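Here is the structure we will look at.
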Amino acid sequence: MSTRQLTEKQQAFMAVLFEEAGGDVVVAKRLAGYSDNTPSTVVVEALKDEIFEATKLYMSRVGPKAAVAYASALDDPTQLGVKEKLMAAGQILDRAGVVKTERVSVESTGGLFILPPKNADDTEAT
């Protein structure tokens, strides 16, 4: 995380954001002791780097749970809501960089491109 010194309220906000507040910045603001008159945007703007780092850490923490969801679907593919569960788990793993690693490799050794032969229908149209 960041090496800068946070205030007590900022530390409290970060401590509850992904736990008791469930990711809700308004709830985290209240739990941290901020006034209801303090705009959430002010708190978030001041902590955006710390929130970003904490979000990456949180995704690393829930990644294994998403992987287990895939495995449990293999064991019992008839469980209720398995399709939605797999879609959500796939999104989490994708954003954590675990799945859907796509590699595109384009190689060219020359400037010659060979087309397939024309169909008989194509030559009659021209």
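Note that these values count all heavy atoms, side chains included, but never hydrogens, waters or copies made by symmetry. Since the structure is predicted, the reported quantities are computational estimates derived from the model, not experimental observations.
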Residue that, paired with Pro39, satisfies side-chain contact (heavy atoms from CB on, under 4.5 Å) out of Val42, Asp36, Asn37: Val42
Can you name the nearest heavy-atom pair linking Ala66 to Leu93, along with the distance? CB-CG, 3.7 Å
Lys56 and Glu50: CA distance, side-chain angles, deciding distance, salt bridge (charged side-chain N to carboxylate O under 4.0 Å, His left out) verdict: CA-CA 10 Å; Lys56 289 193 315 186; Glu50 288 79 8; over 6 Å; no
Using 0.5 Å steps for rounding, measure from the CG atom of Asp24 to the CZ atom of Arg30. 8.0 Å
Quick one: does any side-chain atom of Gln11 pair with a main-chain N or O of Glu8 as donor and acceptor, under 3.5 Å? no
Please check if atom CG in Leu74 has more than 12 non-hydrogen atoms from other residues, nucleotides or ligands closer than 6.0 Å. yes
Taking all atoms of both residues into account, what is the closest heavy-atom pair of Leu86 and Ala73, and its distance? CD2-CB, 3.6 Å
Cation over ring face, Lys29 and Tyr34, 6.0 Å, 45°: no
Hydrophobic clustering (ILVMFWY, side-chain heavy atoms < 4.5 Å, transitive) - are Phe52 and Met59 grouped together? no
For a side chain to side chain contact (heavy atoms under 4.5 Å, CB included) check, start with the C-alpha distance between Leu17 and Tyr58, then their side-chain angles and the critical distance, and finish with the verdict. CA-CA 11 Å; Leu17 182 59; Tyr58 184 78; over 6 Å; no
Do side-chain atoms of Gln79 reach the backbone of Ser72 as a donor and acceptor pair under 3.5 angstrom? yes
Hydrophobic clusters here meaning ILVMFWY residues chained together by side-chain heavy-atom distances under 4.5 Å, can you tell me if Ile51 and Val27 are in one? no
On a heavy-atom basis, the closest approach of Ser40 and Val26 is OG-CG2, 3.5 Å
Is Val16 linked to Leu47 within one hydrophobic cluster, defined over Ile, Leu, Val, Met, Phe, Trp and Tyr using a side-chain heavy-atom separation of less than 4.5 Å? no
Can a salt bridge be assigned to the pair Glu53 and Arg4 using a cut-off of 4.0 Å between side-chain N and carboxylate O? no
At their closest point, which heavy atom of Ala69 faces which heavy atom of Lys85, and how far apart are they? CB-CE, 3.9 Å
Tell me, with the steps shown, if Val25 and Phe13 meet side chain to side chain contact (heavy atoms under 4.5 Å, CB included). CA-CA 8 Å; Val25 295; Phe13 177 88; 4.1 Å; yes
Any chance you could measure Arg61, atom CZ, to Phe18, atom CZ, to the nearest 0.5 Å? 8.0 Å
